[in-house]
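The shown structure was predicted, so the numbers you read here are calculated from the model rather than taken from an experiment. Counting begins at 1 with the first residue of the sequence. Atom set for the values below is all heavy atoms of this structure, side chains included, hydrogens, waters and symmetry mates excluded.
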Amino acid sequence: TYSFVIPEAANGCVYVSLKGDLNQDGVLDQDDVTYLQLNRTQITDALQLWLADMNNNGKINAADVIILARASAPGEDHIALDWDIVATND
């Protein structure tokens, strides 16, 4: 499980992200796959780790790239993927 610290400036905002949406543009596409392929060994930010860990095993590896590539393929139902509240200002 990953935990997040939200800055005071968030003023109680809740952040929602789509699992795999590494550039956080609201769409799973080839840009996210390319980002993960090029950066999977360098991801250290907690939110990016959560977004990149497609199989939720706590590791970022080739399996996550494959899952993301399949999920972002044209015609896939992105709504079925893991939308989640990833941070709150409690």
Nearest heavy-atom pair of Leu51 and Gln24: which atoms, and what distance?
CD1-NE2, 3.5 Å

Worked verdict on Ile67 versus Arg70 for side chain to side chain contact (heavy atoms under 4.5 Å, CB included)
CA-CA 5 Å; Ile67 294 167; Arg70 289 180 181 164; 5.9 Å; no

Mind listing the closest non-hydrogen atom pair of Leu68 and Gly20 along with its distance?
CD1-O, 3.6 Å

Looking at every non-hydrogen atom in both residues, tell me the closest pair between Leu36 and Ala52 and how far apart they are.
CD1-CB, 3.7 Å

Counting distance only, does the side-chain N/O of Asp45 pair as donor-acceptor with the main-chain N or O of Gln48 below 3.5 Å?
yes

Please enumerate all residues that pass side-chain hydrogen bond (donor to acceptor under 3.5 Å, both in side chains) together with Gln30, with sequence neighbours excluded.
Thr34

Please report the interatomic distance CG(Leu22) to CD1(Ile43), rounded to the nearest 0.5 Å.
5.5 Å

Candidate pair Tyr35 and Arg40, rule side chain to side chain contact (heavy atoms under 4.5 Å, CB included), full reasoning
CA-CA 8 Å; Tyr35 181 90; Arg40 69 183 172 92; over 6 Å; no

Could you pull out all residues at least two apart from Asn23 that satisfy side chain to side chain contact (heavy atoms under 4.5 Å, CB included)?
Asp21, Asp25, Asp31, Asp32

Heavy atoms of Lys19 and Leu28 approach each other most closely as O-CD2, 3.6 Å

Short side-chain to backbone donor-acceptor contact, Asp53 and Ile60, under 3.5 Å
no

When rounded to the nearest 0.5 Å, the distance separating OG1 of Thr41 from CG of Asn61 is 11.5 Å

Heavy-atom closest contact (Val33 atom, Ala69 atom, distance)
CG2-CA, 3.7 Å

Scanning both residues in full, the closest heavy-atom pair of Gly26 with Leu18 reads O-CD2, 4.4 Å

Hydrophobic clustering (ILVMFWY, side-chain heavy atoms < 4.5 Å, transitive) - are Leu49 and Val65 grouped together?
yes

